[in-house]
Amino acid sequence: MDQYDASAIEAKWQARWNDGDCFAAETGSDKPKYYVLEMFPYPSGRIHMGHVRNYALGDVVARYRRARGFNVLHPMGWDAFGLPAENAAMERGVHPGQWTTENISAMRTQLRGMGLSYDWDRELATCTPDYYRHEQRMFLKFLEKGLAYRKESWVNWDPVENTVLANEQVVDGRGWRSGAAVERRRLSQWFLKITDFADELLAAIETLDRWPDRVRLMQQNWIGRSEGARVRFDMTALAPGGTESIEVFTTRPDTLHGASFLAVAANHPLALALAETDTDAAAFNAECAKLGTSEAAVETAEKRGHNTGLEVRHPLVESATLPVYIANFVLMEYGTGAIFGCPAHDQRDLDFANAYGLPVIPVVLPDDTDPREFTVTDTAYTGPGRLFNSGDWDGLDVESGKRAAITALEGAAAGSGEVTFRLRDWGVSRQRYWGCPIPIIHCDDCGMVPVPESDLPVELPEDVNFEAAGNPLSNHPTWKHVSCPCCGKDATREQDTFDTFFESSWYFLRFVDPHHEDGFSPEAAAYWMPVDQYIGGVEHAVLHLLYSRFFTRALRETGYLDFDEPFAGLMTQGMVCHQTFRDGDGKWLFPTEVERDGESWRHLETGAPVTAGRIEKMSKSKRNVIDPELIISTYGADTARLFMLSDSPPERDMEWTESGVEGASRFLKRLYRMAGDPSLAAASGPLPAEGAGAELVRAAHRAIMAMSEDIEAFRFNKAVAQLYTLANAVGDLREQSPEAASARRFAVETLTRLLAPMAPHIAEEMWEALGHDTMLATSAWPDADPSLVTESSIEIGVQVNGKLRDTVSLPRDADEDQARAAALASAGVLRYLDGSEPKKVIVVKNRIINVVV
RNA sequence: GCGAGCGUGGCGGAAUUGGUAGACGCACUGGACUUAAAAUCCAGAGACCUUUGGUCGUGGGGGUUCGAGUCCCCCCGCUCGCACCA
């Protein structure tokens, strides 16, 4: 057998798989289905190591399930709308569509070179009208159902580029490209009513038992459900803006008797009304608006307020009144934009009360505390206890107090129990060209008119100009001008496009039926969905994964499908990291620019010393990237894939090292030599039933069992270790006999089949070398014979007083007397017994023997 | 601040319900082969000691147990998520 030539072998098998159409998902199969999906990539132009890891993981699952007899759906596509395409258009004058298409074809070639078992017939790109026309229709259905609406909201506006910026594109308050100070601007935006599903999305998290706890928790926190009460405080006199009362949300209605002030947000309607006549209030509001809500600003900002001079009545205590402040720590975005302050039991309220000399009235008494000795000065008490200073509620615990308060509020018609969520509706409008057009027409007479279904898709115009500032769709001379579908009058198209998360919220449904004229058929969705295993980066823990969960429900409400959860199993992979390097000037260097110099590093060309820095996530800015294409051309795709799976568990960050790649490559070459051993091809006799050869056969069966368990539990690093262990066992069998050769052949064949999901090309080549004319890609997984998995005798540790002193070899399942006798006769125990009887002997079958002396 | 997770050799990491800590790999050391190197193969390897044996050892300290990486309590450190959420 020749030297292992990765590129030739890999090309050969990729062609054969392709010719055999080996990875097509079957329609109408009676096999159980399995849908494995990796988060589809943005077509940036080249794959990076994160992709390699993601797809290597997914392909193991796909190939394993296929071998296990499942009808596997394993598709790939392109999340093809987005900002980088527009930037390329502006910087290089190339059309975003052309740029994207070229990138897709380059990346498709790269992915094909990895030998991933995709059903390429289902490939999709979200930027094609054939894809986005379906989501335009979905949107119109949402609109019909009241799940989409338009309203004014605040956005980050870049005054130089005349466009909205995403939060990530605002750096230190300035546009990332223009450098202009970003303005807050109110714009009419489309929203999807994800909040309608807040309770449902939260409750169903419990059913996602094959999701990482971390992600489930993040979604819970993001949705942020709070139970409490809405309380109305009436003004003592009519306030500016015709304000008769202020509504407040609280989670602690039990502390109402401790209320000593009311505070509203600086952009609360009352504050805005006051500002019209009160210059001090106006100044305060302006100051609050400037402060911003950045982490640092919040941390250092003191609690400040503006006393409006207005007063409200306490809703439950006759004749009691409270002053009303505008306060910088009250947010309009949460609850009602107003709070009542109970300084004794809320730290922020206490800080505020101390700053403005407001009363601090404790109403919750910690257990076993004397009320006369309980005071609150600097630290609010938020723990459990009994109510006091609270009239009828005195003596109640906090939970009972909350219920009593809600009952009392309802009785006084001053409030009621309420649940508030942190989750906000999803704003989907973007002032961008390279996205899906929102299928709405604005008519002066008819208002907002949906584009009739027969006119879909609303396609992006091709001839756009990126030279001018602003949205190219608005600048286009003709595109926006249409006649109103209702009255026929001149009207204009909506010129915003959808947030690109819109496309990724349903692509997994398009894959199940990629040529269906309605996007997908309910039957195909019912058969394939949910995705059995979804794999991708944890950075989508909230956004994409929450949007998709919402979208699935919205599609349920609009009759597209009849289930709730799109992803039954989720695995979040860790990042691929690499050492960083800098030269003497602190400039980042590529790993390909440096070489080892004993213990340290030097520049490959200049020889200048190089500082090796931290191991960090691969990123262009720090240049600590390795191009997958370089690895594949040097070592082959199998090596890259195997190394990705070795050593580190998939959910953890891993370090890409040259020595690690070398190790994986060495191992594959060793296996290749093993399979090419001519003595194996000649071996044809029966497998040995005893002796060293039989032990090797047993080892192979153990490997099948262990490997299967490890793959199913996504412990791929351990699965790789099983391969090494079996390979070592093959090497350890020195016996030269026909029986040994048969055993060796069986072990190497097993090894080859177990290797196939991880390093599929070389496994096929080995399989062929072993004399087979079948393909592993379409072969069944080997079965482990349970009777051969267990070893007949085991080494058991013998402890004296809990410390290991010896080991004894015992038959499996040896009884207690036998184990005890063997232990007491062992040299390690005799040394400690010193002729006397042991106090006690503990025997744990097949595990341990502990002699207590 | 709140919430969650994690601390195991030089490194990545193994270790069912508490039961022989360090599987497997990387790096390392020695040997074989070679004129030599690479590759390959074989062997070794937690630390320390008075080395047929012993002591220590899973971030630190205590506890439960015949027995603790694993369970309980208290600290220390790191990572991630959310963050003026009423």
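As the structure is a computational prediction, the values presented were derived from the model and not from experiment. Note on naming: letters A, B, ... go to the chains in the order of the sequence lines (proteins, then strands), and numbering restarts at 1 for each one.
Atom CD of A:Glu616 is separated from atom P of B:C80 by 11 Å (rounded to the nearest Å). Rounded to an integer number of Å, the gap from CD of A:Glu712 to C1' of B:U16 is 16 Å. At whole-Å resolution of the value, CG in A:Leu804 and P in B:A15 are 20 Å apart. When the P atom of B:C84 is taken as reference, atom CZ of A:Phe329 falls 13 Å away, rounded to whole Å. For A:Asp710 and B:U16, the CG to P distance is 12 Å, given to the nearest whole Å. The CZ atom of A:Arg422 sits 6 Å away from the C1' atom of B:C82 (whole-angstrom rounding). The distance from atom CG of A:Asp254 to atom P of B:A86 is 13 Å, rounded to the nearest whole Å. One can place CG of A:Asp647 at 10 Å from P of B:G12, the figure rounded to the nearest angstrom.
Here the side chain of A:Ser646 pairs a donor or acceptor atom with the backbone of A:Leu642 at under 3.5 angstrom. Side-chain atoms of A:Arg53 come within 3.5 Å of backbone atoms of A:Gly574 as a donor-acceptor pair (strictly under, hydrogens ignored).
To the nearest whole angstrom, the two C1' atoms, one in B:G46 and one in B:A23, are 15 Å apart. B:C42 and B:G25 have their P atoms separated by 11 Å, given to the nearest Å. Rounded to whole Å, the C1' atom of B:A38 lies 12 Å from the corresponding atom of B:C33. Between the C1' atoms of B:U70 and B:A14, the separation comes to 14 Å (whole Å). Between B:U8 and B:U79, the distance separating the two P atoms is 14 Å to the nearest Å. B:G81 and B:C85: their C1' atoms are spaced 16 Å apart (whole Å). Taking the C1' atoms as reference points, B:C6 lies 14 Å from B:G13, given to the whole Å. Atom name C1', nucleotides B:U40 and B:G19: the rounded distance is 41 Å, in whole Å.
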When you check every protein heavy atom under 4.0 Å of nucleotides 2-11 of chain B, what one-letter string (B, S, -) results, 5' to 3'?
-SS-------

Per-nucleotide protein contact string for nucleotides 47-59 of chain B, where B marks a base within reach and S marks sugar-phosphate only (heavy atoms under 4.0 Å, - for neither)
------SSSS---

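For the residue pair A:Thr580/A:Asn624, the side-chain donor-acceptor check at 3.5 Å is not satisfied.
In this structure, the side chains of A:Met674 and A:Arg744 stay at 4.5 Å or more apart for every pair of heavy atoms. Side-chain atoms of A:Lys402 and A:Thr250, non-hydrogen and from C-beta on, never get closer than 4.5 Å to each other. Contact check for A:Arg252 versus A:Val364: side-chain heavy atoms found under the 4.5 Å cut-off. In this structure, the side chains of A:Pro757 and A:Met707 stay at 4.5 Å or more apart for every pair of heavy atoms. Put simply, the side chain of A:Phe421 does not reach to within 4.5 Å of the side chain of A:Thr195, judged on heavy atoms. You'll find the side chain of A:Leu546 reaches within 4.5 Å of the side chain of A:Ile223, heavy atoms only. Counting heavy atoms from C-beta outward, A:Leu217 and A:Asn221 have side chains that approach closer than 4.5 Å.
In this structure, A:Ser226 reaches the B:A86 phosphate: one of its side-chain N or O atoms is under 4.0 Å from OP1 or OP2. Proximity of A:Arg348 to the phosphate of B:C85: a side-chain N or O atom is located under 4.0 Å from OP1 or OP2.
Pair assignment for B:G44: B:C28, on the basis of Watson-Crick or G-U wobble contacts that are both within less than 3.5 Å. Nucleotide B:G9 forms a pair with no other nucleotide shown, judged by Watson-Crick or G-U wobble geometry with both contacts under 3.5 Å. Using the Watson-Crick or G-U wobble rule with both distances under 3.5 Å, B:G81 pairs with B:C2. In this entry B:U16 has no Watson-Crick or G-U wobble partner, no candidate having both defining distances under 3.5 Å. Nucleotide B:A36: unpaired (no Watson-Crick or G-U wobble partner with both distances less than 3.5 Å). Using N1 to N3 plus N6-O4 or O6-N4 for Watson-Crick, or N1-O2 and O6-N3 for G-U wobble, each under 3.5 Å, B:G57 pairs with nothing.
Under the 90° criterion around 0 for the glycosidic angle, B:G9 counts as syn. B:U79 shows a glycosidic angle more than 90° from 0 and is accordingly assigned anti.
The side chain of A:Val330 lies closest to B:A86, out of B:C84, B:A86, B:A27. Counting only heavy atoms from C-beta on, A:Arg847 has its side chain closest to B:U17 among B:U17, B:A86, B:C66. Taking the side chain of A:Ser659 as heavy atoms from C-beta on, and the options B:C26, B:C84, B:G81, the nearest nucleotide is B:C26.
You'll find the ring centres of A:Tyr635 and A:Phe643 outside the 6.0 Å limit. Between A:Phe261 and A:Tyr356, the gap from one ring centroid to the other reaches at least 6.0 Å.
With RNA chain B read from its 5' end, the first of the two nearest nucleotides for A:Arg252 and A:Ile794 is the one closest to A:Ile794. Taking the nucleotide of RNA chain B with the nearest heavy atom to each of A:Gly663 and A:Asn801, the more 5' of the two is matched to A:Gly663.
Within residues 717-736 of chain A, the residues having any heavy atom closer than 4.0 Å to RNA chain B are, in order of number, A:Asn717, A:Lys718, A:Ala721, A:Tyr724, A:Thr725, A:Asn728, A:Arg734.
Classification of the A:Phe233-A:His314 ring pair by plane angle, with boundaries at 30° and 60°, yields perpendicular.
At the heavy-atom level, A:Val542 lies nowhere under 4.0 Å from the strands shown. Looking at heavy-atom distances under 4.0 Å, A:Ser648 makes contact with sugar-phosphate atoms alone, never a base.
Residue A:Arg214 qualifies as open at atom CZ: its count of foreign heavy atoms under 6.0 Å is 12 or below.
For the side chain to side chain contact (heavy atoms under 4.5 Å, CB included) with A:Arg820, the qualifying choice from A:Ile842, A:Ile849, A:Val841 is A:Val841, the only one to do so.
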